[in-house]
Amino acid sequence: MTETSDTRSDTGEAPEAARSRLWRLMRYVPLIAPVLLWAVPCWILLHTGQHWPSPVAPIGTALFALGLVGMPLAMAQGHGRRQRDGAAIVGDTLLGGSWVLFTWSVLLGALLRPALAVASVGDGQDRARIVTWAVLGTTAVLLAWGYAEARRVPRVRRLDVELPRLGAGLDGTRVALITDTHYGPLDRARWSARVCETVNGLEADLVCHTGDIADGTAERRRAQAAPLGTVRANRARVYVTGNHEYYSEAQGWVDLMDELGWEPLRNRHLLLERGGDTLVVAGVDDVTAESSGLAGHRAHLAGALDGADPDLPVLLLAHQPKFVDRAAEHGIDLQLSGHTHGGQIWPFHHLVGLDQPALAGLSRHGTRTLLYTSRGTGFWGPPFRIFAPSEITLLVLRSPRGPAAS
């Protein structure tokens, strides 16, 4: 468990200014990134001394050029106004494949080739060709494995979380967490049903979904989301919106989740009582809600806690981990979040870390607040998970004042 401080001072202004400049530069990433993702592997694999037979280099270069042009076009068709699922699948797969190919072209080009030279393995052409085959082999293996990881039902991650203010009557309360299901262009209705069966097997008191239910409108993804209606909880099934709901007619998702029997914690709370003790379970809309322009949608923590006894422990659902700064200011005991996917495809987690204070797992923020960040139950976009496994989480809440109550 890591610890971060929520204390801010004037010395924090310089990092904030640097971060602001960084995000201004990030605006140009959509223009530069595709060129780098395709041009760098093309150069390293085909044009750094391999001296391939005459058809290989021209054909390979043409394929890389086709990928460079085809990927953004397919993604625009798939995720733009037309929302063509077939195009989205092609574009997303090309994006994931090019990211893995780029990563391992750079790594093996920088590390393996010098190692082969030190070991006096072959001449320059031999070493260049070994690197090419090693990159292609590594990429193929990782993509096959990553696809299987993305499509499987997540393993259950179990952990005990002690909350100092939790009453003894609530010791042993079971909280199941799913998040970032991202129902999308690839039909995962059967996968969704199996996830819900797994959640039901946990016999949780409280089942939570912390947003990013799907990519696409509720009408389009209804069949994939429908199994959520079969989820069982001893006390309550609650959810909050994620940023992707606001890309896909968020109110439609609010209405569908209501139809499926899930209770919205949209800037409000409910009370979970057991053994004479009470836990406040609160939730807020995603931080992107206000900019969506939808009436009544915003992240409003004070409103979520309005009327709650300040002496009671609070479990907060907030989609993005970075909301924890506000949670710590309000003395929240435990925040549950998703959003990061644990990076989803290594080493993308380094970029996630620029925007979020935690990647995965349990972390402490300030003197009281704990944050649990799930790596997510599904995947976004590229159908791969590489060194960032998905999860269904079971958190067992523990009180320092008594044994398990059940």
Side-chain angles (χ1 to χ4, degrees), residues 1-9 11-12 157-177 179 205-206 208 210-211 235-236 238 240 265 267-287 299-340 353 355-374 393-405:
M1 184 170 70
T2 59
E3 182 168 354
T4 62
S5 173
D6 62 347
T7 303
R8 299 185 182 273
S9 65
T11 58
R157 185 178 187 190
R158 305 167 188 262
L159 71 157
D160 288 0
V161 180
E162 183 175 288
L163 302 180
R165 297 201 302 163
L166 191 72
L170 287 162
D171 185 83
T173 298
R174 298 164 69 86
V175 179
L177 170 63
T179 184
D205 299 297
L206 183 72
C208 308
T210 52
R235 298 300 180 90
V238 295
V240 292
L265 292 183
N267 306 318
R268 57 182 292 272
H269 70 269
L270 56 79
L271 301 179
L272 194 157
E273 300 176 342
R274 192 176 74 174
D277 289 305
T278 303
L279 173 68
V280 177
V281 181
V284 291
D285 288 338
D286 184 64
V287 293
H300 184 38
L301 183 53
L305 298 176
D306 185 37
D309 185 339
D311 294 327
L312 293 177
V314 180
L315 170 66
L316 174 70
L317 276 60
H319 178 65
Q320 298 195 41
K322 64 184 178 183
F323 196 81
V324 76
D325 284 350
R326 292 185 232 180
E329 290 174 0
H330 282 77
I332 299 299
D333 298 83
L334 174 63
Q335 175 179 317
L336 303 183
S337 298
H339 186 68
T340 69
D355 185 49
Q356 300 293 334
L359 184 72
L362 195 65
S363 55
R364 181 177 295 278
H365 301 261
T367 58
R368 175 187 294 171
T369 303
L370 294 175
L371 164 68
Y372 184 82
T373 306
S374 168
T393 318
L394 178 64
L395 302 103
V396 181
L397 305 186
R398 295 297 182 188
S399 168
R401 290 183 285 279

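Being a predicted model, the structure only gives us computed values, none of them experimental.
Shortest non-hydrogen contact noted between Ala168 and Asp277 is N-OD2, 3.3 Å. Between Asp205 and Arg274, the closest heavy-atom pair is OD2-NH1, 3.9 Å. Of all heavy-atom pairs spanning Gly331 and Arg165, the tightest one is O-NH2, 3.9 Å. Between Gly366 and Arg364, the shortest heavy-atom contact is O-CG, 3.6 Å. Minimum interatomic distance between Ala358 and Pro321 (heavy atoms only, all atoms of both residues): O-CG, 4.1 Å. Taking both residues in full, the closest heavy atoms of Pro164 and Pro400 are given as O-CG, 3.6 Å, listed atom of the first, atom of the second, then distance.
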Could you walk me through whether Arg235 and Val281 satisfy the side chain to side chain contact (heavy atoms under 4.5 Å, CB included) test, starting with their C-alpha distance in whole Å, then the side-chain angles of each, then the deciding distance to 0.1 Å, before giving a yes or no? CA-CA 11 Å; Arg235 298 300 180 90; Val281 181; over 6 Å; no
Let's go through Arg326 and Val287 carefully: what are the C-alpha distance in whole Å and the side-chain angles of both, what is the deciding distance for side chain to side chain contact (heavy atoms under 4.5 Å, CB included) to 0.1 Å, and is it a yes or a no? CA-CA 11 Å; Arg326 292 185 232 180; Val287 293; 3.6 Å; yes
Show your reasoning for whether side chain to side chain contact (heavy atoms under 4.5 Å, CB included) applies to Asp160 and Glu162. CA-CA 7 Å; Asp160 288 0; Glu162 183 175 288; over 6 Å; no
Would Val175 and Leu336 count as a side chain to side chain contact (heavy atoms under 4.5 Å, CB included) here? Give the steps. CA-CA 10 Å; Val175 179; Leu336 303 183; 4.0 Å; yes
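Here the side chain of Arg401 pairs no donor or acceptor atom with the backbone of Gly169 at under 3.5 angstrom. At distances below 3.5 Å, not a single donor-acceptor pair connects side-chain atoms of Ser374 with backbone N or O atoms of Gly338. Side-chain atoms of Arg368 never come within 3.5 Å of backbone atoms of Leu163 as a donor-acceptor pair (strictly under, hydrogens ignored). With hydrogens and angles ignored, the 3.5 Å screen pairs no side-chain donor or acceptor of Arg157 with any backbone N or O of Thr393. Between the side chain of Glu273 and the backbone N or O of Thr278 there is no donor-acceptor pair closer than 3.5 Å. Between the side chain of Thr173 and the backbone N or O of Leu170, at least one donor-acceptor pair lies under 3.5 Å.
We find the CG-CG distance between Leu362 and Leu371 to be 7.5 Å, quoted to the nearest 0.5 Å. Here the CG-NE2 distance, from Leu265 to His269, works out to 10.0 Å after rounding to the nearest 0.5 Å. The line from CG of Asp333 to CG of Leu397 is 10.0 Å long, rounded to the nearest 0.5 Å. Taking NE2 of His319 as the reference point, atom CG of Asp285 lies at 12.0 Å (rounded to 0.5 Å).
Between His300 and Val284 the shortest side-chain heavy-atom distance does not fall below 4.5 Å. A heavy-atom distance below 4.5 Å is found between the side chains of Leu271 and Val280. In this structure, the side chains of Leu394 and Arg174 come closer than 4.5 Å at one or more pairs of heavy atoms. Two residues are said to be in side-chain contact when any heavy atoms from C-beta on lie closer than 4.5 Å; Leu279 and Leu166 meet this criterion. Residues Leu159 and Leu395 form a side-chain contact, since some pair of their non-hydrogen atoms from C-beta on lies under 4.5 Å apart. Side-chain contact check for Tyr372 versus Val161: every heavy-atom pair is 4.5 Å or farther apart.
When each of Thr340, Thr210, Asp286 is checked for a side chain to side chain donor-acceptor pair (under 3.5 Å) with Gln320, only Asp286 meets the rule.
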Considering only distance and modelled atom types, tabulate donor-acceptor pairs under 3.5 Å from the side chains of residues 302-318, sequence neighbours left out.
unit_1, atom_1, unit_2, atom_2, d
Asp309, OD1, Asp311, N, 2.9

